[in-house]
Structures are given as C-alpha cells and as structure tokens.
S.K.: 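Pasting a structure below so you can have a look.
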Amino acid sequence: MDTAADTTTQSAGLTLPAPAKLNRMLHIVGRRADGYHELQTLFQFLDHGDTLQLTSRDDGHIQFCGELGDLAAEDNLIVRAARLLQEHTGTTAGANLSLTKRLPMGGGLGGGSSDAATTLAGLNQLWSLDLDEDQLAGLGLSLGADVPVFVRGHSAWAEGIGERLTRVELDTPWFVVVHPGIGVSTPGVFQAPELTRDTPPITIARAIEGGTSSWRNDCEPTVRQLYPEVAQALDWLNARAPSMLTGTGACVFARVTSQTQALQLQAELECEHPEWHAFSARGLNRSPLLNALHT
Ligand SMILES: C[C@@](CO)(OP(=O)(O)O)[C@H](O)COP(=O)(O)OP(=O)(O)OC[C@H]1O[C@@H](n2ccc(N)nc2=O)[C@H](O)[C@@H]1O
Ligand SMILES: Nc1ncnc2c1ncn2[C@@H]1O[C@H](COP(=O)(O)OP(=O)(O)O)[C@@H](O)[C@H]1O
C-alpha cells in the first residue's frame with residue numbers, strides 16, 4: 001500500500017536519546033541590559049530522557065510525529081532545529097522525526113533543548129552534512145541558551161546566559177526527580193522583584209571544591225514562594241535526602257547514595273503523593289547522545 005512516506009527514499013534511520021539535564025547548582029550573578037540574567041551553573045545529564053527516531057526523505061519535507069500537547073509546529077524546537085539546519089546548509093533532504101516524550105515540558109529538565117540538540121546532531125549525521133561541534137553548538141544557541149550543552153554532551157560549568165561552557169567532571173550519584181504536577185513560568189520567575197540577582201561570581205574551582213553540600217539554586221526561594229506545590233515537594237524530599245530545584249523548576253531532585261535508595265524513596269513518594277510524578281536516574285558526565293552517535 002502506498003503512503004506518503006513510501007513515496008520518499010527511506011534511509012536506515014537513527015534512534016537517538018535526548019537526555020534530561022539537572023542544574024546541580026545555579027547562581028544569578030547579574031542582569032544584562034536586555035533583561036536576561038547572567039548565570040553561573042553546573043549542568044549534568046541524566047540517564048533518562050526522550051527518544052527521537054530520525055529517517056531521511058528526499059522531498060525536503062520535515063514531518064514530525066509525537067505528543068507535545070497543543071504546541072504549534074512552528075514552536076516545536078525539533079522542527080525548528082531541522083529547518084534551521086536545512087537553511088544553514090542548503091540541503092534538499094527532508095526527514096521524518098518521531099518523538100517519544102518522557103520529560104515533562106517546562107520542567108527545568110531541558111527536554112525541549114535536548115530534543116533540539118539531538119535533532120541537530122542526528123540530522124547532521126543522517127544527511128552527511130559534516131558540520132563540526134562548534135557549528136552545531138552555534139546553531140543550537142540560536143534556538144535556546146540550554147541547547148549548546150546538549151550538543152557538546154559533557155557536564156559543564158556554564159556562564160553568561162548559559163552559553164559559555166567549560167567541561168567539568170562531577171560526582172555521578174543517583175537522583176530521584178519529582179515533578180509536583182504544576183507548571184512554572186520561567187519569565188515569571190526571572191521577573192519576580194524578590195529574586196536574588198547579585199550573587200558574587202565565583203571560580204569553577206571554588207564551586208567544585210565547595211562540594212555538593214554548598215550548592216544551591218538562587219531561583220529556589222522565589223519559586224517556593226510563588227508555587228507552594230514546589231515548596232511542599234522540596235520539604236518532603238529534604239526531610240529524606242539533600243534536595244534542590246533544577247533550573248526554574250517545576251522539577252526538584254533528591255541526591256541519594258544508591259539505586260536501591262532511589263527506588264525506595266520513589267516508591268514511598270508514589271504512595272504518599274500519587275499526584276506527583278517521579279523517576280529515578282543516575283547522573284552522567286557524558287551524554288548518552290554522544291555514545292549513541294559514535295557507535
Ligand atoms: C535558567 C534555565 C537554566 O537551565 O532554566 P530552565 O529553563 O532549564 O528551567 C535556562 O537557562 C533558561 O533557559 P530557557 O528555557 O531557554 O529560557 P527562555 O525560555 O528563553 O526564557 C524565558 C524568559 O526567561 C527570562 N530569562 C531566561 C534565561 C535567563 N538566563 N535570563 C532570563 O531573564 C527571559 O525573560 C526570557 O524571555
Ligand atoms: N520538543 C519540545 N519539547 C518540549 N518543549 C518544547 C519543545 N519544543 C518547544 N518547546 C517549548 O519549550 C518550553 C520549555 O521546554 P523544556 O525544555 O521542556 O523546559 P525547561 O526549559 O523548563 O527545561 C516548553 O514549555 C514548550 O513551550
């Protein structure tokens with residue numbers, strides 16, 4: 001039977017991960033003239049995320065399939081990344097892009113940015129474009145500040161609005177990540193008058209030597225105040241393990257000592273708070289995207 005896809009030349013295709021990130025710490029050290037906030041943050045990946053299937057087609061069309069609520073195609077970072085790559089390189093190739101979405105949207109786990117990075121890196125390979133990492137990271141930055149770290153695929157200390165990256169090695173514990181079932185507005189958090197914007201800048205060495213017990217997220221007090229559900233989830237987790245907000249939320253994460261402890265904590269949480277969503281995952285200093293692309 002003929003289908004639209006059958007009329008195109010199909011390649012073997014790729015199935016690639018789009019992992020989540022955590023902000024292991026996040027300081028706001030200033031505000032730029034355009035209103036954007038200058039950050040110092042430590043990014044780390046998780047072995048949990050979305051999955052993207054990519055196949056090439058020869059009619060130049062970008063076909064997306066996946067569950068992203070009512071997000072319009074022109075706002076979908078996957079479609080935008082594919083079109084950007086077409087415009088930048090002039091390729092006549094198209095693609096079928098099929099997403100299995102596991103990461104909550106707008107949860108501070110960087111799912112949209114990670115999807116975009118996986119699209120850029122995957123299509124670069126599928127379409128044999130041969131762009132290097134710097135070129136892909138540059139294109140990614142035009143889609144969002146968090147895209148470059150996913151393209152580069154290493155734990156990083158980030159400055160500026162998150163685009164100036166220095167590779168680092170962090171501890172790789174297990175985490176329990178909790179979404180308290182509400183949406184947090186990133187612009188709303190950054191516009192809040194009470195947000196701390198004047199944390200003195202520190203060096204990478206000082207941030208890392210300070211260790212996990214000294215790490216904090218400057219957005220946390222504001223998000224707690226604006227979203228009591230986030231405060232409740234943080235209080236519940238903090239009573240059991242050291243916990244923090246990631247990005248501007250809504251997700252919070254507890255650092256635990258083993259997979260067993262993670263699964264126990266997750267089970268307790270699911271029993272007491274069925275209205276929250278939780279998963280357990282391990283921190284990774286190398287993104288599973290790099291492993292998948294280079295095998
Ligand atoms: C702060 C982080 C840390 O990872 O939070 P999460 O989004 O992951 O939660 C990200 O860098 C967020 O980046 P991103 O998610 O691309 O932010 P955007 O949607 O572009 O930002 C929405 C709005 O928040 C404000 N904004 C965002 C980032 C920033 N460094 N300063 C800001 O002031 C701006 O008003 C912007 O218009
Ligand atoms: N493929 C995508 N997946 C998720 N969100 C997307 C995608 N494309 C665009 N978006 C938009 O980007 C916003 C931020 O998404 P996401 O990266 O998941 O959150 P965060 O930046 O809080 O970590 C979403 O609220 C949504 O409007």
S.K.: Between R24 and T41, do the side chains contain an N or O donor and an N or O acceptor separated by less than 3.5 Å?
M.R.: no
S.K.: So, W236 and E272: side-chain donor and acceptor under 3.5 Å apart, yes or no?
M.R.: yes
S.K.: When you compare the side chains of R32 and H37, does any donor N or O come within less than 3.5 Å of an acceptor on the partner?
M.R.: no
S.K.: Do L165 and L136 sit in one hydrophobic cluster, given that two such residues count as connected whenever their side-chain heavy atoms are within less than 4.5 Å of each other, even indirectly?
M.R.: no
S.K.: Looking at every heavy atom in both G188 and L226, which two are closest together, and how far apart are they?
M.R.: O-CD1, 4.4 Å
S.K.: Ignoring hydrogens and geometry beyond distance, is a side-chain donor-acceptor pair present between Q264 and E268 at under 3.5 Å?
M.R.: no
S.K.: How far apart are the C-alpha atoms of Q232 and W276, what are their side-chain angles, what is the distance that settles it, and do they pass the side chain to side chain contact (heavy atoms under 4.5 Å, CB included) test?
M.R.: CA-CA 11 Å; Q232 198 194 349; W276 297 345; 4.0 Å; yes
S.K.: Using distance alone, with no hydrogens and no angle criterion, decide if S142 and R80 have a side-chain donor and acceptor under 3.5 Å apart.
M.R.: no
S.K.: Does the side chain of T91 come under 3.5 Å of the side chain of Q86 through a donor N or O and an acceptor N or O?
M.R.: no
S.K.: On a heavy-atom basis, which atom in S280 and which in L263 lie closest, and how many Å separate them?
M.R.: OG-CD2, 3.8 Å
S.K.: Identify the heavy atoms of S243 and N238 that sit nearest to each other, and give their distance.
M.R.: N-OD1, 3.0 Å
S.K.: Grouping I, L, V, M, F, W and Y whenever their side-chain heavy atoms are under 4.5 Å apart, do L170 and M25 come out in a common cluster?
M.R.: yes
S.K.: With hydrophobic residues grouped by side-chain heavy-atom distances under 4.5 Å, do V149 and V168 end up in a single group?
M.R.: no
S.K.: Which atoms form the tightest heavy-atom contact between A82 and L123, and what is the distance?
M.R.: CB-CD1, 3.6 Å
S.K.: Any salt bridge linking D115 with K101? Criterion: basic side-chain nitrogen under 4.0 Å from a carboxylate oxygen.
M.R.: yes
S.K.: Hydrophobic clusters here meaning ILVMFWY residues chained together by side-chain heavy-atom distances under 4.5 Å, can you tell me if L42 and V252 are in one?
M.R.: no
S.K.: When you compare the side chains of D146 and S113, does any donor N or O come within less than 3.5 Å of an acceptor on the partner?
M.R.: no
S.K.: List the steps and the verdict of side chain to side chain contact (heavy atoms under 4.5 Å, CB included) for V256 and F175.
M.R.: CA-CA 6 Å; V256 295; F175 298 101; over 6 Å; no
S.K.: Can you give me the closest heavy-atom contact between G247 and N23, atom names plus distance?
M.R.: N-OD1, 2.9 Å
S.K.: Are V79 and L120 linked, directly or through other ILVMFWY residues, by side chains that come within less than 4.5 angstrom of each other?
M.R.: yes
S.K.: Quick check: are there more than 12 heavy atoms from other residues, nucleotides or ligands sitting under 6.0 Å from CG of D70?
M.R.: no
S.K.: Would you name the heavy atoms of D50 and G111 that are closest together and state the gap between them?
M.R.: OD2-O, 4.1 Å
S.K.: When you look at R216 and T199, which way does the side-chain hydrogen bond (donor to acceptor under 3.5 Å, both in side chains) test go after all the steps?
M.R.: CA-CA 11 Å; R216 65 164 203 277; T199 294; 3.2 Å; yes
S.K.: If you measure from the Lys or Arg side-chain nitrogens to the Asp or Glu carboxylate oxygens, is any gap between R286 and D47 under 4.0 Å?
M.R.: no
S.K.: Check whether the side chains of T196 and D218 place a donor and an acceptor atom closer than 3.5 Å, and report yes or no.
M.R.: no
